[in-house]
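All of these numbers come straight from a predicted model, not from anything done at the bench. In the text below, chain A, chain B and the rest are named by the order of the sequence lines, each starting its count at 1.
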Amino acid sequence: MEKAYNPSDIEQKWYQKWESSDYFVASGEGNPYCILIPPPNVTGSLHMGHAFQHTIMDTLTRYHRMKGDNTLWQVGSDHAGIATQMVVERNLSAEGQTRQDLGREAFIDKVWEWKEHSGGTITRQMRRLGDSVDWNREAFTMDDTCSNAVKEVFVQLFKEDIIYRGKRLVNWDPKFHTAISDLEVENIEEKGSLWHFRYPLANGETTADGKSYIVVATTRPETMLGDTAVAVHPEDERYQSLVGKTITLPLVGREIPIVADEYVDKEFGTGCVKITPAHDFNDYEVGKRHNAPLVNIFNDNAAIRNTAEAFDYKGKAITDINLMIPDGYAGLDRFDARKKIIDDFDSLGLLDSIKDHTLQTPRGDRSGAVIEPYLTDQWYVAVESLAKPAIEAVESGEIKFVPENWSKTYFQWMHNLQDWCISRQLWWGHRIPAWYDEDGNVYVGRDDEEVRKDNNLDSSVSLRQDEDVLDTWFSSALWPFATMGWPEKTKELETFVPSSVLVTGFDIIFFWVARMIMMTKKFIGKVPFKEVYITGLIRDEHGQKMSKSKGNVLDPIDLIDGIDVDSLVSKRTTGLMNPKDAKKIEKRTRKEFGEGIESYGTDALRFTFCALASTSRDINFDLGRVEGNRNFCNKIWNAARYVLMNTEGQDCGQNGGDLQLSLADRWIWSRLQSTIEDFEKHLTTYRFDLVSQALFSFIKNEYCDWYLELSKPVLNDANSTAEQVRGTRHTLVNVLETVLRIAHPLMPFITEEIWQRIAPLAGIKDNTIMLQSFPKFDEKRFDEAAADDLEWVKNVVVGVRNIRGEMNISPAKSVPLIIHNGSAEDERRLNENKTFLMTLAKLESINWKQKGDELPVSATALIGNMDLLIPMAGLIDVAAEKARVNKEIDRLSKDKERFAAKLANPNFADRAPEAVVAKEKEKLAETEATLEKLKQQITQLESL
RNA sequence: GGGCGCUUAGCUCAGUUGGGAGAGCAUCGCCCUUACAAGGCGAGGGUCACUGGUUCAAGUCCAGUAGCGCCCA
């Protein structure tokens with residue numbers, strides 16, 4: 001073996017071997033265990049959050065595979081409609097082209113090209129991460145199977161009137177010219193103004209205080225062109241007399257009613273609200289109650305139309321209404337129109353006042369454009385009937401959220417569902433399977449042919465398909481069964497629905513998790529998964545969200561392979577939305593990664609992700625942890641080297657022969673059992689931080705720090721018997737072999753590499769660790785007596801090391817040890833473990849002294865009643881030893897007082913459980929005895 | 001406005017039913033000891049945000065305050 005761990009030498013070769021040997025394919029035997037990958041968007045590459053979740057999914061997958069389950073990690077990717085279209089359009093625009101230049105078909109070809117490219121990047125990354133997905137079953141939300149499922153679902157839901165078409169307000173993205181869902185809108189607090197406009201009362205009416213106008217406040221002046229009412233609160237005394245009267249809308253001249261509605265907040269602004277039902281969601285609701293027409297003043301670009309258009313709430317056009325657009329407005333962008341409206345009001349003397357105001361501005365999460373509530377024809381899913389079973393599935397515990405608390409978030413959303421707008425005015429996506437004849441009648445079917453057959457339409461009727469595509473999440477919602485071949489009745493559908501656990505972030509509980517539950521319940525009648533493990537969100541080390549614009553993103557591959565600082569800077573500063581950020585990003589990057597990033601390897605990265613996966617919802621990614629874990633890998637590597645050096649070509653008992661186990665052997669076997677127990681306990685509760693901690697502390701603090709050291713005296717002692725040496729070699733090899741299997745799900749590569757060399761020494765002839773069985777807890781190996789005895793050995797060794805450390809005695813220097821005042825039990829332990837102590841504490845001699853024996857002046861450590869003494873002659877500085885002992889006296893004196901005070905309190909003595917009181921008394925007695933001894937030490941030191 | 005969460009060592013975080021405050025990294029000291037200097041051995045470091053309550057006993061349970069954050073309207 002190489003002297004140091006070098007991940008790049010070992011990782012890729014094993015992945016290729018595993019993949020080409022079909023080890024990732026479900027065995028077909030045992031209990032089904034299935035994880036559905038949250039399909040990554042084909043927009044680019046995997047980020048740290050993906051790598052994190054993939055680590056968790058792979059760890060679970062590998063564990064269950066080793067447990068003998070019929071294990072499938074279903075892989076695939078998502079076409080991500082708007083996001084992908086945007087990327088491809090941006091690429092086109094770099095060549096000076098638009099999608100319209102290409103036309104729909106050619107554009108879609110371009111997107112497919114992009115998908116091949118991006119999809120390749122993602123699958124390469126997954127292979128680097130060690131993801132043991134079944135590549136033979138790779139799915140894509142736009143492939144034929146998924147497309148069939150989409151059509152099937154659409155047609156069925158349409159037939160049941162769950163899918164319908166309607167003219168409604170949607171969130172319109174004027175940049176991308178498409179509707180988007182509520183969830184794709186981010187409300188951002190921005191500074192704006194509140195403009196107060198005077199609306200003249202019609203027909204000579206006046207207000208209570210004699211004014212000929214009322215004042216409305218608005219944050220969006222341009223929409224006034226579409227006002228069709230003014231609302232006041234029914235109990236607002238200022239305006240009560242005006243309800244039922246009208247005002248004349250300035251600039252337009254439309255006469256519109258003053259209505260009373262509870263929606264109005266009397267305290268806000270003037271208490272009068274302009275109602276623009278076609279351009280505001282709240283106004284829509286108010287307008288509907290008062291039958292105020294919907295007057296649309298915008299076109300698709302959110303610029304002013306030439307003439308307005310009006311509809312009623314059933315979508316029927318209204319013509320007997322003043323739809324005038326004043327001169328000079330047609331074609332103006334909404335923000336230019338705003339300025340002009342304000343100017344015009346001002347010059348008419350109708351601008352009452354302007355106040356500063358912060359407001360929530362809706363922006364598209366992809367485009368960043370201000371989203372416009374906009375009246376259009378769209379397709380909807382009526383979610384109510386789908387939601388009910390989906391809510392029940394979680395209420396009944398059929399689906400469990402982990403951590404449990406996230407079910408609240410789920411319920412909160414599910415109980416406040418709006419119908420889901422599923423049509424998108426994009427080219428990339430599943431084309432809506434609906435056709436129109438020349439009269440505008442709509443027919444829904446799987447294809448043109450079916451539509452004609454079902455509706456008796458012969459070829460003389462010309463049909464055109466709906467231009468729009470479906471929301472991406474519509475197809476993602478079918479992922480649990482579409483990937484299993486539905487609507488065909490496949491074996492996979494039978495076996496892997498429901499899947500076992502969904503591993504995902506809380507940010508898509510609404511987008512995706514809820515919708516999968518609804519659709520899977522509806523079409524399969526089962527839940528899509530039994531558990532939903534919600535992971536935290538990976539942030540940078542200061543808790544900032546990682547984003548391209550902040551310039552703090554890390555590519556998981558760069559942590560695996562390493563990257564120099566120049567490359568990192570150029571990666572972070574190319575393709576920025578705002579190129580001005582580049583300087584700042586470069587400066588910060590150079591400051592933080594002056595030396596670039598070292599290569600840490602996949603296993604160290606994966607182990608780090610697991611170690612960070614506590615219940616916290618934010619995970620600050622600390623590069624120091626990766627480095628520490630890379631060092632941990634090196635530790636494992638070198639431990640294996642040591643084992644091999646001492647066992648290869650030697651008799652390790654793999655072919656039989658008597659084994660005599662030392663105390664250390666029995667102890668490490670026992671500790672190994674506890675490790676298996678802890679590992680499984682924490683894994684089944686998704687506490688990957690505790691899982692990794694259990695592994696770390698066993699391997700490092702027990703196997704390496706103690707056991708390997710304890711094996712040396714046995715192997716090196718010329719007096720050891722063949723059985724003893726064989727026993728220790730056997731233990732070295734087999735404990736290592738076992739712990740490699742425990743660690744494999746987290747650290748697949750290093751464990752495979754080492755296992756290949758270790759397994760033969762354990763008598764195992766097989767091709768891969770991947771398919772070995774996961775270690776089982778073995779009661780017979782559990783050995784409390786060994787634990788107690790070894791604890792004693794450790795205490796003695798640590799006691800001596802303590803003195804050495806604090807007295808700065810060179811580790812190279814052997815020291816004599818005197819043990820005094822020990823019990824018979826101590827004496828037995830000493831006699832049985834002399835060689836361990838001699839080696840580990842680097843002793844030149846051990847002398848057992850009885851009470852009353854003459855003792856030299858010494859540095860002392862106490863273990864219970866037993867004293868460890870290292871004679872001072874020539875070794876130890878008296879003043880330093882005094883200082884050391886005094887420090888200990890200080891510490892213990894404080895403890896003593898605390899215990900004494902507690903016991904002196906009658907409330908405690910009388911009311912606390914007896915065991916607790918007894919324990920406290922014991923602690924006090926022990927502390928007092930120790931103090932007494934330490935004080936004697938001081939006296940003795942002073943007498944010199 | 002409604003909901004959820006966080007505050008523990010310099011940093012990043014554990015702390016399961018209330019009963020002697022922990023890990024990793026960083027810091028300091030000694031050491032190139034034959035698996036490992038990507039290392040070993042040892043050490044220092046905390047008013048568990050604050051206030052009050054319950055309790056013999058609170059990092060842990062309850063109420064409130066402050067600060068930070070997320071989601072929804």
| field | P spacing across the pair B:U60 / B:U54, given as an integer number of angstrom | value | 15 Å
A:Phe506 CZ to B:G3 C1', in whole Å, measures 14 Å
To the nearest angstrom, the CZ-P distance between A:Phe688 and B:G24 comes to 22 Å
In short, salt bridge (charged side-chain N to carboxylate O under 4.0 Å, His left out) pairs touching residues 728-740 of chain A with sequence neighbours left out are A:Glu737-A:Arg741
* Asked: On a whole-Å scale, what distance lies between the P atoms belonging to B:U65 and B:G19?
  -> 28 Å
Base-paired stretches in RNA chain B with three or more consecutive Watson-Crick or G-U pairs, both distances under 3.5 Å, amount to B:1-7 with B:66-72, B:10-13 with B:22-25, B:27-31 with B:39-43, B:49-53 with B:61-65
- [ ] Sticking with atom C1', work out how far B:G22 lies from B:G44, rounded to a whole angstrom.
- [x] 16 Å
Taking for A:Phe510 and for A:Asn629 the nucleotide of RNA chain B with the nearest heavy atom, the one nearer the 5' end belongs to A:Asn629
Atom CG of A:Asp507 and atom C1' of B:G69 are separated, to the nearest Å, by 15 Å
Anything under 30° is parallel, anything over 60° is perpendicular, the rest tilted; go ahead and classify A:Trp637 against A:Tyr5. tilted
Next on the checklist: Taking only the C1' atom of each, what is the distance from B:G46 to B:C13 in whole angstrom?
Outcome noted: 14 Å
By ring pair (Phe, Tyr, Trp, His ring centres under 6.0 Å), A:Tyr703 pairs with (sequence neighbours left out) A:Tyr707
_Taking B:A9 as the reference, what is the distance to B:A21 when you measure between their P atoms (whole Å, please)?_
15 Å
Residue pairs meeting side-chain hydrogen bond (donor to acceptor under 3.5 Å, both in side chains), one or both in residues 922-931 of chain A, sequence neighbours left out, come to A:Glu920-A:Lys923
Residue set satisfying ring pair (Phe, Tyr, Trp, His ring centres under 6.0 Å) with A:His47, at least two apart, ordered chain then number -> A:His50
Each nucleotide of nucleotides 8-20 of chain B classed B (base within 4.0 Å of a protein heavy atom), S (only sugar-phosphate) or -, in 5' to 3' order, makes ----BSSS---BB
Output for pair (A:Ser810 OG, A:Arg804 CZ), nearest 0.5 Å, gives 7.0 Å
Handout entry: Centroid separation A:Phe609 to A:Phe621 less than 6.0 Å
Key = yes
**Asked** Considering only the P atoms, how many Å lie between B:C61 and B:A73, rounded to the nearest integer?
**Response** 32 Å
Per the under-4.0 Å heavy-atom filter, residues of residues 402-418 of chain A near RNA chain B come out as A:Asn405, A:Lys408, A:Gln412
Count the heavy atoms belonging to other residues, nucleotides or ligands that lie under 6.0 Å from CD of A:Glu844, then report whether that count exceeds 12.
yes
Looking only at atom C1', what distance separates B:U33 and B:G40, rounded to whole Å? 8 Å
To the nearest angstrom, the CD-P distance between A:Glu285 and B:A73 comes to 14 Å
Sorted by chain and residue number, the ring pair (Phe, Tyr, Trp, His ring centres under 6.0 Å) partners of A:His730 (sequence neighbours excluded) come out as none
Given protein heavy atoms under 4.0 Å, the one-letter contact record of nucleotides 31-41 of chain B, with B base, S sugar-phosphate only and - none, is simply S-B-BBSBSSS
ask   = Do A:Tyr533 and A:Thr504 have side-chain N/O donor and acceptor atoms under 3.5 Å apart?
value = no
From the list A:Trp420, A:Phe510, A:Phe511, ring pair (Phe, Tyr, Trp, His ring centres under 6.0 Å) partner of A:Trp473 resolves to A:Phe511
Handout entry: P-based separation of B:A38 from B:C25 [nearest Å]
Key = 14 Å
From CD1 of A:Ile509 across to C1' of B:C4 the rounded distance in Å is 11 Å
Salt bridge (Lys or Arg N to Asp or Glu O under 4.0 Å) filter on A:Asp561, not counting sequence neighbours, yields A:Arg128
Here the distance between atom C1' of B:G42 and atom CD1 of A:Ile803, to the nearest Å, is 12 Å
Residues at least two apart in sequence or cross-chain that pass ring pair (Phe, Tyr, Trp, His ring centres under 6.0 Å) with A:Phe696, listed by chain then number, are A:Phe632
Hits for salt bridge (Lys or Arg N to Asp or Glu O under 4.0 Å) against A:Lys712, two or more places apart or cross-chain, chain-then-number order -> A:Glu709
Backbone of A:Pro713 reached by a side-chain donor or acceptor of A:Asp717 within 3.5 Å = no
